[in-house]
Amino acid sequence: MFETQGFKTMKGLTDAVMQRQELLSNNLANIETKGYVRQDMDFSRLLSELKSDTSSNTNNEGALARARYKDNSRPINIEKEMSSLYDNHLRYLLLTKSISHHFE
């Protein structure tokens, strides 16, 4: 049950949501820090890597690290960060519901 590709993908995405929460929290905590560069995670890149990984390796650290990026293009905007936090929360709710269905 835990070795299916679908479950591994769900685990990788759940790990990514937790890491993204940390990134977004750091962005908000450093909103006034001069020179701080906003960080985020590219879920589409992560999902494609998780889906293409057919190995039995359940350690997703490499894919998670490659999905992280720094956004140098603009200053941090509090409204955008709060919106991203809410988006991340919705992803978390969706993933936990999907995992719950997996076990039913």
Side-chain angles (χ1 to χ4, degrees):
M1 174 186 337
F2 298 111
E3 295 301 317
T4 65
Q5 186 61 31
F7 188 78
K8 290 177 189 176
T9 301
M10 292 282 222
K11 182 190 179 313
L13 289 173
T14 304
D15 292 344
V17 167
M18 290 186 294
Q19 275 196 13
R20 187 176 189 225
Q21 186 72 21
E22 289 179 29
L23 293 174
L24 296 173
S25 297
N26 283 338
N27 291 343
L28 282 170
N30 290 294
I31 203 161
E32 296 288 327
T33 304
K34 184 177 176 152
Y36 180 79
V37 178
R38 181 183 182 277
Q39 297 181 27
D40 206 343
M41 187 161 293
D42 183 358
F43 277 100
S44 59
R45 178 177 180 173
L46 178 67
L47 183 58
S48 64
E49 284 196 35
L50 291 173
K51 287 170 67 175
S52 67
D53 182 19
T54 57
S55 68
S56 62
N57 184 11
T58 57
N59 185 359
N60 300 312
E61 292 301 315
L64 290 170
R66 286 186 296 276
R68 292 174 70 156
Y69 68 92
K70 293 185 178 193
D71 183 3
N72 296 337
S73 63
R74 57 186 160 72
I76 300 173
N77 180 313
I78 193 163
E79 289 86 8
K80 169 79 169 116
E81 292 304 311
M82 294 302 290
S83 175
S84 295
L85 276 172
Y86 185 69
D87 173 69
N88 201 54
H89 176 69
L90 291 177
R91 287 176 196 253
Y92 175 79
L93 291 176
L94 178 66
L95 283 167
T96 54
K97 287 231 182 235
S98 296
I99 291 170
S100 158
H101 272 332
H102 183 80
F103 287 115
E104 285 181 357

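Heads up: numbering here begins at 1 and tracks the sequence. Only this structure's heavy atoms are used, side chains among them; waters, hydrogens and symmetry mates stay out.
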May I ask you to test the Leu85-Gln21 pair for a side-chain heavy-atom distance under 4.5 Å? yes

Between the CG atom in Leu28 and the CD1 atom in Ile76, the distance rounded to the nearest 0.5 Å is 8.0 Å

When every non-hydrogen atom of Met10 is compared with those of Ser98, the smallest separation belongs to CE-CB, 2.9 Å

Closest heavy-atom pair, Leu64 versus Gly12, reported as atoms and distance to 0.1 Å, is CD2-O, 4.0 Å

So NE2 of His101 and OG1 of Thr96: to nearest 0.5 Å the spacing works out to 10.5 Å

Shortest non-hydrogen pair, Arg45 vs Arg66, comes out as NH1-O, 3.2 Å

### Query
How about Glu22 and Gln39: do any of their side-chain heavy atoms sit closer than 4.5 Å?
no

Minimum side-chain heavy-atom gap Ile99-Lys11 below 4.5 Å
no

Interatomic distance, CG@Leu23 vs OG@Ser25, rounded to 0.5 Å, equals 8.5 Å

Take a 6.0 Å sphere around CZ of Phe43 and say whether it holds more than 12 heavy atoms from other residues, nucleotides or ligands.
yes

Is there a continuous path of hydrophobic side-chain contacts, each under 4.5 Å between heavy atoms, that joins Met82 to Tyr36? yes

Side chains of Asp87 and Arg20, heavy atoms from C-beta outward: is any pair under 4.5 Å?
yes

Quick note, salt bridge (charged side-chain N to carboxylate O under 4.0 Å, His left out) partners involving residues 75-86, not counting sequence neighbours, are Arg38-Glu81

The residue among Thr33, Asn26, Asn27 that forms side chain to side chain donor-acceptor pair (under 3.5 Å) with Asn30 is Thr33

Tightest non-hydrogen contact, residues Asn77 and Ile31, listed as C-CD1, 4.3 Å

One should read off an interatomic distance between Arg68 CZ and Asp40 CG, to the nearest 0.5 angstrom, of 10.0 Å

Rounded to the nearest 0.5 Å, the CD atom of Glu49 sits from the OG atom of Ser44 at a distance of 10.5 Å

When every non-hydrogen atom of Asn88 is compared with those of Leu24, the smallest separation belongs to CB-CD1, 4.2 Å

Is it true that atom OH of Tyr69 has more than 12 heavy atoms of other residues, nucleotides or ligands lying nearer than 6.0 Å? yes

